[in-house]
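These notes concern the structure reproduced below.
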There are 2 protein chains.
Amino acid sequence: MGKQVSISVIRRLPRYYRFLGELLRGGVHRISSRELSGKMGLTASQIRQDLNCFGGFGQQGYGYNVEALFHEIGRILGMDQNYKTILVGVGNLGRAVANHMTFDGRGYRLVGLFDNNPDILGETVRGLPIRPVDELEQFCIEEKPDVAILCTPREATKEVVNRLVALGVRGFWNYSPHYDIALNHPGVAVENVHLGDSLMTLCYKVKDLDDPEGDRG
Amino acid sequence: MGKQVSISVIRRLPRYYRFLGELLRGGVHRISSRELSGKMGLTASQIRQDLNCFGGFGQQGYGYNVEALFHEIGRILGMDQNYKTILVGVGNLGRAVANHMTFDGRGYRLVGLFDNNPDILGETVRGLPIRPVDELEQFCIEEKPDVAILCTPREATKEVVNRLVALGVRGFWNYSPHYDIALNHPGVAVENVHLGDSLMTLCYKVKDLDDPEGDRG
DNA sequence: TAGATTGTTAATCGATTAACAATC
DNA sequence: TAGATTGTTAATCGATTAACAATC
């Protein structure tokens, strides 16, 4: 019944999770919203508001139990899930993502890799063979993956997404800026990682540091 | 005089830039805020508000000239800058970032790579040799880089940032979640790319799709 | 001129912050 | 019990949307 939790709140959860994990490793057992607000650069009010979207995890006069809260937030984020995940596009970026990220125990399990480059077919990354994109249908009908990571080049993304949505994939971790999945498939979950956009934003910020207001003055 | 443009607006600019680039390549010469709003999934009102933070680029009764607006937004974002950029941490991820991204003509110029792994020192990526992190001071005093890309491992980030800030680096494209630069160095420009956070957010979204409201309901 | 569409002001909506009673 | 700190309601602030006069 409680109303839909806003995306702003959701996006802060991983950061809470990180800070609490750090505290936990540092042997801190309890923390107040005030202390945590100091460490994270937020207001104590916001922290309490955020957490109370999901339940009353604290105790008056005491604060929050670090370990309990850490696990609660993990559970809220779905770290206890086990979403079967495939990666499409095993170039520079796809390879780095596959090798660099922890999937196991963080809600995901990597089960398949796909690429069209004949030179790398059969090669293994993280113990998984790279398969031709042609085999997507066969593989997905058998394995029923939940999530796809997209590191596909310009022209491939749109078609791959359409095929995957038809095959029941309902979450996309999308590195390809060339096709707006959320716009075209309103029913699926999408997280875009648009590195180019981020780099441009940084460029603006640096410029703004040097010359606030720019030409406008 | 005009008040500070909000980060929400800034973050939409690269997306406008992408859509306008696409229209331009497609041979579209003019577009109204209404048409563009349809294509981008925004309101026409928001587009006009956003653009008018920087100036009146349109014409009543006509709309916007696609090419002119594209270039204006590029200039606002600083695509005409030429920030000297170094990359620290040339592992899986750093390598992919160096190889995958376009820096030239997008406001940046990659001038140096640094890593501590002795096995890869001297290797070249994108025509640049990988140097030991020890040489950071010497290099930065000579080259005076503006921006650093951080793909450093857990324990390295904090120290590297402190050294770089002292050396005059004032923009950070940060892939390392282990140290909050903005919190510790309020005067510099920071864009965080926290892939782990994004992956967790996706996990929540997928879970929420399957079971809206979760346990709370 | 008439029609279209901007630039801009006003209204609405949502998110953040402040305040405080409840309670451990 | 007294002190601390939460959970929650109310106030503020900022961002988005709507409306419309200006103007091409």
Side-chain angles (χ1 to χ4, degrees), chain A residues 1-13 15-16 19-20 23 28-70 72-73 76 182-183 201 204 215-216, chain B residues 1-13 15-16 19-20 23 28-70 72-73 76 182-183 201 204 215-216:
Chain A
M1 45 144 305
K3 71 179 96 53
Q4 180 67 19
V5 179
S6 84
I7 188 66
S8 322
V9 175
I10 304 307
R11 286 196 186 289
R12 280 191 292 270
L13 294 182
R15 191 149 175 274
Y16 289 130
F19 273 80
L20 288 164
L23 288 169
V28 178
H29 290 237
R30 68 179 244 201
I31 194 155
S32 69
S33 58
R34 187 119 130 63
E35 284 176 279
L36 190 57
S37 75
K39 288 184 193 298
M40 296 186 63
L42 302 171
T43 65
S45 227
Q46 179 161 68
I47 292 176
R48 293 203 299 278
Q49 285 278 24
D50 285 354
L51 298 178
N52 281 100
C53 292
F54 304 98
F57 302 130
Q59 194 161 90
Q60 284 94 332
Y62 174 90
Y64 299 87
N65 178 294
V66 172
E67 186 169 9
L69 188 55
F70 175 77
E72 282 293 353
I73 293 178
I76 292 163
L183 216 59
T201 303
Y204 179 91
D215 296 352
R216 294 169 298 123
Chain B
M1 44 144 305
K3 70 178 97 52
Q4 182 65 22
V5 179
S6 84
I7 188 67
S8 322
V9 174
I10 304 305
R11 286 197 185 287
R12 281 192 291 269
L13 293 182
R15 191 149 175 274
Y16 288 131
F19 273 80
L20 289 165
L23 288 168
V28 178
H29 289 237
R30 68 177 244 202
I31 194 154
S32 68
S33 57
R34 187 118 131 62
E35 285 176 279
L36 189 58
S37 76
K39 288 185 191 298
M40 295 187 63
L42 302 171
T43 65
S45 227
Q46 179 161 68
I47 293 175
R48 294 204 299 279
Q49 285 278 23
D50 284 356
L51 298 178
N52 281 101
C53 292
F54 304 98
F57 302 128
Q59 194 161 90
Q60 283 95 333
Y62 175 89
Y64 299 86
N65 177 294
V66 172
E67 186 170 8
L69 188 56
F70 175 77
E72 282 291 354
I73 294 178
I76 293 163
L183 216 60
T201 303
Y204 178 91
D215 296 353
R216 295 168 299 122

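Order of the sequence lines sets the chain letters (A, B, ...), proteins ahead of strands, with each chain counted from 1. Because only heavy atoms are used, hydrogens play no part in the values below, and waters and symmetry mates are left out as well, while side chains stay in. Keep in mind it's a predicted model, so treat the numbers as computed, not measured.
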Q.
I need the Ser6(A) OG to Ile10(A) CD1 distance, nearest 0.5 Å.
A. 7.0 Å

(Q) My validator wants the stems of DNA chain D: runs of 3 or more consecutive Watson-Crick or G-U pairs, both distances under 3.5 Å, written as range with range. (A) C:3-24 with D:3-24

Q. Does any pair with a residue in residues 36-48 of chain A pass side chain to side chain donor-acceptor pair (under 3.5 Å), and if so which ones, sequence neighbours excluded?
A. Ser33(A)-Arg48(A)

Q: List for me each residue that meets ring-ring contact (aromatic ring centres under 6.0 Å, His included) alongside Phe70(A), sequence neighbours excluded, and say none if there are none.
A: Tyr17(A)

May I have the list of side-chain donor-acceptor pairs in residues 49-66 of chain B shorter than 3.5 Å, sequence neighbours left out?
unit_1   : atom_1 : unit_2   : atom_2 : d
Asp50(B) : OD1    : Arg12(B) : NH2    : 3.0
Asp50(B) : OD2    : Arg12(B) : NE     : 2.6
Asp50(B) : OD2    : Arg12(B) : NH2    : 3.3
Asp50(B) : OD2    : Tyr16(B) : OH     : 2.6
Asn65(B) : OD1    : Glu67(B) : N      : 3.0
Asn65(B) : OD1    : Ala68(B) : N      : 2.8

**Q.** All pairs passing salt bridge (Lys or Arg N to Asp or Glu O under 4.0 Å) where residues 52-62 of chain B contributes a residue, at least two apart
**A.** none

Q: For Arg11(B) and dA15(D), give me the distance from atom CZ to atom C1', rounded to whole Å.
A: 15 Å

Q. Does the side chain of Arg30(B) get closer than 4.0 angstrom to OP1 or OP2 of dA4(C) through an N or O atom?
A. no

Q: Tell me which of Asp50(A) and Ser33(B) sits closer to the 5' end of DNA chain C, going by the nucleotide each one is nearest to.
A: Ser33(B)

Q. Rounded to the nearest Å, what distance is computed from the OH atom of residue Tyr64(B) to the P atom of nucleotide dA4(C)?
A. 18 Å

Q. How long is the line joining CZ of Arg34(B) and P of dG7(C), in whole Å?
A. 17 Å

Q. With sequence neighbours excluded, what pairs up with Arg30(A) under the salt bridge (charged side-chain N to carboxylate O under 4.0 Å, His left out) test?
A. none

Q.
According to salt bridge (charged side-chain N to carboxylate O under 4.0 Å, His left out), who are the partners of Arg34(B), at least two apart in sequence or on a separate chain?
A. none

Q | Nearest-Å distance for atom pair CZ/C1', residues Phe57(B) and dT5(C) | A | 17 Å

Q) If you round to the nearest 0.5 Å, how far is CG of Leu20(B) from CE of Met40(B)? A) 7.5 Å

Q.
What is the separation between atom CZ on Phe54(A) and atom P on dT8(D), rounded to the nearest whole Å?
A. 14 Å

Q | d(CD1, Ile47(A); P, dA15(C)) in whole Å | A | 18 Å

Restricting both atoms to N or O, compile the protein contacts to nucleotides 11-14 of chain C shorter than 3.5 Å, with distance only.
none

Q) Just how far is it from atom CD1 of Ile73(B) to atom OH of Tyr204(A), taken to the nearest 0.5 Å? A) 12.5 Å

Q.
Output the rounded distance in Å from CG (Asn52(B)) to P (dA15(D)).
A. 16 Å

Q. So do the side chains of Ile31(B) and Leu69(B) get within less than 4.5 Å of each other, counting heavy atoms only?
A. no

Q: State, to 0.1 Å, how close Ile47(A) and Leu42(A) come at their nearest heavy-atom pair, and which atoms those are.
A: CG1-CD1, 4.1 Å

Q) What one-letter contact string describes nucleotides 17-24 of chain C from 5' to 3', where B marks a base within less than 4.0 Å of any protein heavy atom, S marks contact via sugar-phosphate atoms alone, and - marks no contact? A) BBBB-BBB

